[in-house]
Each structure stands twice: as C-alpha cells, then as structure tokens.
Amino acid sequence: MAHGDKSNEKVVFVGDSRVRKGKGFIVPPDYTAYPGKSEAFIPNFLLKEWMVGVVVLVGFLALTIAEPAPLGYPANPNANIIPMPDWYFLFLYQFLKLPYASGQYVAFGILGVPGVAFLSLLLAPFLDKGKERRFYRRPVASSLMILSLISLFYLTNVSWTHYQNELKATGQVPEHIQREEEAREKRAKGLPTSSAIQQKEIAIVDKEDTAMETFKKAGCVACHAADLKGAAGPSLRGVGDKHNKDEIMKIIKEGYEGKMPPQYDNMIAQGITDKEIDHLADWLSKQKAAK
Amino acid sequence: MFKGIYNWVDERLDITPIWRDVADHEVPEHVNPAHHFSAFVYCFGGLTFFITVIQILSGMFLTMYYVPDIINAYGSVEYLQTKVAFGQIVRGMHHWGASLVIVMMFLHTLRVFFTGSYKAPREMNWVVGMLIFFVMIGLGLTGYLLPWDNKAYFATRVTLQIADSIPVVGPYLKELMQGGQIVGAETLTRFFAVHVFFLPAVLLLLLVGHFIMIRRQGISGPL
C-alpha cells in the first residue's frame with residue numbers, strides 16, 4: 001500500500017491508486033439493529049429459500065408433464081388463423097385495439113399511455129420520493145399501481161374472452177390441439193405423425209426410356225425443364241400421382257386450365273408419331289413418388 | 001489435500017473474502033419464511049433467479065437440436081418434441097418456464113413496490129430491475145417466433161406491425177427486427193441471435209449489477 005491506512009492523513013486514496021477516497025456512501029443498516037433472529041445466508045437461509053423453491057419446482061414439473069408445450073403447424077403465410085401474442089402481451093394487444101389508441105390515434109396509443117406508464121414505472125423511485133414505505137401511507141403511488149393492475153387484468157380478460165368467442169364464431173380449433181389430434185389419429189393407423197414439410201426429392205422413373213427423347217424433341221423441356229423439375233411450367237416429377245395416362249393424354253391434346261396450350265398438333269408437326277405420344281403419356285403416368 | 005490446494009490458490013488470489021461476503025452475510029428475520037410465513041413474498045426475487053437458471057440450462061439443451069432456418073426450424077422442434085428422449089420435458093420446461101419467470105418477476109416487482117423497497121438508497125437497483133423486466137419481455141417476444149409454426153409466425157407479424165406504427169422510428173425499428181421486407185428467413189435468424197446471444201448477455205450483466213447492489217445496499221428493513 002503506497003499511502004497506508006492512516007486516517008489522520010488529509011487525503012486518503014483508494015488502495016494504491018491515485019483515486020481519492022470519498023465518504024459519501026450510504027452504509028446499509030446493520031441487521032443487529034433489527035430485533036429478531038437474523039442468520040447466515042449460506043447455508044441457513046438458502047436452505048429455507050430452497051424449500052420454497054422445491055415446492056415451486058414440483059408444481060412446475062407437474063405442469064410440464066401434464067401439459068406438453070404447444071406446437072402448431074409449420075408457418076404458412078396463407079394460413080387462416082387468428083393471430084394471438086403470448087398471454088403477457090394480451091393487455092397491450094387489446095389496448096391498441098381501443099378506438100382512441102388505434103387508427104389515426106395510434107401514436108397516442110403506443111407512446112401516450114403505455115410509453116408514459118412504462119417510463120414512470122422505470123423511474124418510480126424518482127417520482128415517489130417520500131421517506132414513507134408503507135403502501136397505505138403512499139396513497140398516490142399505491143392507487144396508481146392498483147388502478148394499473150385492475151386495467152391490466154381487465155384488458156387481458158377482454159382479449160382472451162374475445163379470442164375464445166372468435167374461435168367459436170369461426171369454428172376454429174387452436175392449431176396445437178388440431179395437430180395433436182391429427183398425430184393421435186395417425187399414430188392409431190400406424191402412419192408417420194410428422195407435420196413438418198417433407199423436402200424429399202422425387203426421382204425420375206425410367207430415366208433411360210425412349211419417352212425421354214420424345215419429351216425433349218417435342219419441346220416439353222422449354223417449360224418443364226430437361227430434369228423435369230419445371231421452369232415456366234410446373235415440375236413433372238411425381239406427376240403420375242396426380243394424373244393417370246388418359247388425363248395426361250387429354251392435357252397434351254387440349255391443354256391445361258388455360259395455363260398450357262394444346263401440344264398435340266405441334267408434336268405431330270415435329271414428326272412425332274401417335275405411338276410415341278402414347279408412350280410419352282404412359283411414361284409420364286408412371287412418374288410416381290417412391291413410397 | 002483439498003485444503004492444501006485451496007490454501008495455495010487463496011494465498012495467490014485472496015478468494016476467501018469473495019465467498020465469505022456471499023455466504024456469511026446476515027439475513028434478517030423479517031424476510032425469512034421460516035420465522036414469518038408471510039415472508040414468502042420475499043422469495044419471489046430468488047425464485048425468479050431460480051427459474052432464470054432453469055431457462056438458461058433448458059435453453060442450452062434446446063440449441064443442441066434446434067436449427068434456426070425456415071425450412072428446418074419447425075421440423076427440428078417437432079423432432080425434439082416427439083422423438084428425442086426427454087425432449088418434450090426440456091422443451092416444456094423452457095416453454096412454461098418462460099411464462100413462470102414473467103409471473104415471478106411480476107410478483108417480485110409488486111412486492112418491492114408495495115413494501116416501498118425502491119426508496120433511497122435503492123433507486124438504482126429498481127431501475128436495473130425494470131431493465132431486467134424489459135429484457136425478459138424481449139426474450140419472450142423473440143423466443144415465441146422460434147418454433148416457426150403458424151401461431152409464432154402470425155404473432156410476430158402483428159408485433160412487427162405494431163413496431164411499424166411507432167412514430168418516426170417505427171419503420172426503421174421494424175426493418176431492423178425483420179431484416180427485410182417480409183417476416184422470413186432473416187427474421188428468424190435475427191430473432192434467434194437476439195434470443196440466444198444478445199439478450200442473455202445483457203441479462204447476465206444486469207443480474208450481476210442487481211446482485212452487487214443488493215449486497216452493497218442490504219435488504220430493506222422491516223416496515
């Protein structure tokens with residue numbers, strides 16, 4: 001220690017630094033000042049706190065085992081579901097639907113009320129500066145907090161009830177329940193229960209077949225690509241799962257739903273025989289996803 | 001032998017005062033549920049920390065299976081939920097723990113408020129506590145998207161719409177969170193990074209500050 005601990009020195013430094021030691025710190029109360037039995041934090045007090053913790057933990061694990069975490073279907077922007085935030089955001093969600101907190105007043109709805117409320121919560125000790133600690137002797141702070149709590153519970157309840165009514169009105173079931181029921185049905189039938197989107201690639205059946213030559217010669221590759229994965233037109237891999245031979249023949253002759261023009265005359269003009277076209281349709285109908 | 005090792009380390013690092021400061025300080029009677037049952041309200045802060053530790057541990061195990069991209073995210077969660085041994089329990093703990101930590105923190109905040117414990121000299125600790133509250137809310141918000149199911153996707157779309165309607169900064173904030181024009185691949189990776197790296201780092205720093213301040217200032221006296 002460069003400067004020693006002698007208290008009669010005019011300037012006292014912190015350790016061996018050049019920082020002057022101040023004396024402004026508000027010393028915490030000594031608990032011997034309070035009547036009663038204070039005890040050491042570890043292990044005495046922590047053991048008691050742990051006992052409370054164990055009660056909570058048992059309840060928590062019971063909940064976890066009884067109610068598996070919900071999981072719906074994979075995200076799909078076109079799905080028709082009622083959007084709901086997690087429960088602790090419901091009050092804010094509902095508040096922002098109020099007429100004077102939405103539409104043209106949305107700035108007020110976001111900054112005006114929740115903004116002021118959260119800011120005053122953050123700065124509460126600087127707003128409620130009196131020395132009094134008992135809540136019934138701090139009527140302004142306490143009543144503001146109680147009022148906020150009431151509106152919190154009220155708004156959450158309104159939002160939840162509204163959601164339940166909406167579910168009933170539209171006949172919807174929350175997706176995590178749907179998925180669970182579907183999985184249970186599939187399991188009973190011995191099918192795979194996954195709802196995840198399968199990314200398995202479908203292979204071309206009989207790649208070496210002469211129909212492949214016809215396919216290229218007829219110009220089908222222009223839209224459906226040489227690997228059948230599709231370009232301007234859809235992929236034809238696994239097309240046999242959707243259409244049988246007769247339907248494919250009809251599509252070649254008459255086109256498809258206005259998206260694909262008839263190709264038959266064009267193919268004949270290319271010097272492709274009826275027999276080859278028939279074989280092509282047959283080959284396409286055999287394009288099925290491997291089971 | 002352990003004593004020898006301890007003494008060797010202690011001579012060089014002087015670690016005894018550190019743990020004695022944590023372990024040996026006196027806890028007054030009025031917060032001890034063994035003496036006054038009503039003092040269980042003083043346990044909510046400790047329970048919040050307890051659940052936070054559970055969240056960190058279960059979250060660490062979840063990242064062993066979770067894949068933060070839009071094609072595999074759902075599949076990885078489903079696999080974890082249905083195929084992995086105890087995956088359902090670990091995910092359940094993380095899911096319900098997220099709600100429980102909010103409940104505990106809410107009760108802790110109310111206890112501090114109604115006992116007036118935030119008054120001088122503990123103002124700063126209250127502010128840090130509120131910041132912890134906001135970080136927890138942020139963790140809940142970002143974690144909600146990660147399973148990438150419809151509920152997660154639509155809730156996030158609504159959240160970002162609300163962020164968008166904040167005057168002046170809203171559109172920038174939305175684009176920052178969303179990482180593009182739509183809720184998509186970028187949004188998921190951003191939320192994942194914020195949920196797993198940014199916010200937990202901030203949370204740990206704030207918790208350290210919270211605890212150091214409790215030791216410095218002591219527990220508030222009886223009413």
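A, B, ... follow the sequence lines: proteins, then strands. Residue 1 opens every chain.
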Between [options], the one whose heavy-atom pairs under 4.5 Å with chain B are most numerous:
{"options": "A/Y136, A/F118, A/F89", "answer": "A/F89"}
{"options": "A/L149, A/T193, A/N44", "answer": "A/L149"}
{"options": "A/L96, A/V106, A/I81, A/D86", "answer": "A/D86"}
{"options": "A/M84, A/E67, A/R138, A/M51", "answer": "A/R138"}

When heavy-atom pairs shorter than 4.5 Å are enumerated against chain A, which of B/P121, B/A152, B/G75 gives the highest number?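 Option with the greatest count: B/P121.
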Looking at B/I182, B/I166, B/T156, B/V183, which has the largest count of heavy-atom pairs under 4.5 Å with chain A?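 It is B/I166.
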Main chain of [Y], side chain of [X]: is a donor-acceptor contact present, judged purely on distance under 3.5 Å?
{"X": "B/E78", "Y": "A/S195", "result": "yes"}
{"X": "B/Q81", "Y": "A/A69", "result": "yes"}
{"X": "A/R133", "Y": "B/G221", "result": "yes"}
{"X": "B/W126", "Y": "A/L123", "result": "no"}

Test ring-ring contact (aromatic ring centres under 6.0 Å, His included) applied to A/F126 - qualifying residues, sequence neighbours left out: none
Looking at every non-hydrogen atom in both residues, tell me the closest pair between A/S142 and B/F113 and how far apart they are. CA-CE2, 4.2 Å
Shortest non-hydrogen separation from A/V56 to B/I51 and the atoms involved: CG1-CD1, 4.3 Å
Side-chain heavy atoms of A/D128 within contact of B/K119, under 4.5 Å: yes
Measure [X] against the heavy atoms of chain A and call it side chain, backbone, both or neither at under 4.5 Å.
{"X": "B/R157", "answer": "side chain"}
{"X": "B/F40", "answer": "neither"}
{"X": "B/H25", "answer": "both"}
{"X": "B/F106", "answer": "side chain"}

Atom CD1 in A/I82, atom CG in B/N150: separation rounded to 0.5 Å?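 Interatomic distance, A/I82 CD1 to B/N150 CG, rounded to 0.5 Å: 12.5 Å.
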What part of [X] gets closer than 4.5 Å to chain B, counting heavy atoms only: side chain, backbone, both or neither?
{"X": "A/L122", "result": "both"}
{"X": "A/A183", "result": "neither"}
{"X": "A/F45", "result": "side chain"}
{"X": "A/L46", "result": "neither"}
{"X": "A/L47", "result": "neither"}

Can you pull the salt bridge (Lys or Arg N to Asp or Glu O under 4.0 Å) pairs that have at least one residue in residues 45-61 of chain A, sequence neighbours excluded?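 Pairs touching residues 45-61 of chain A that pass the test: A/E39-A/K48.
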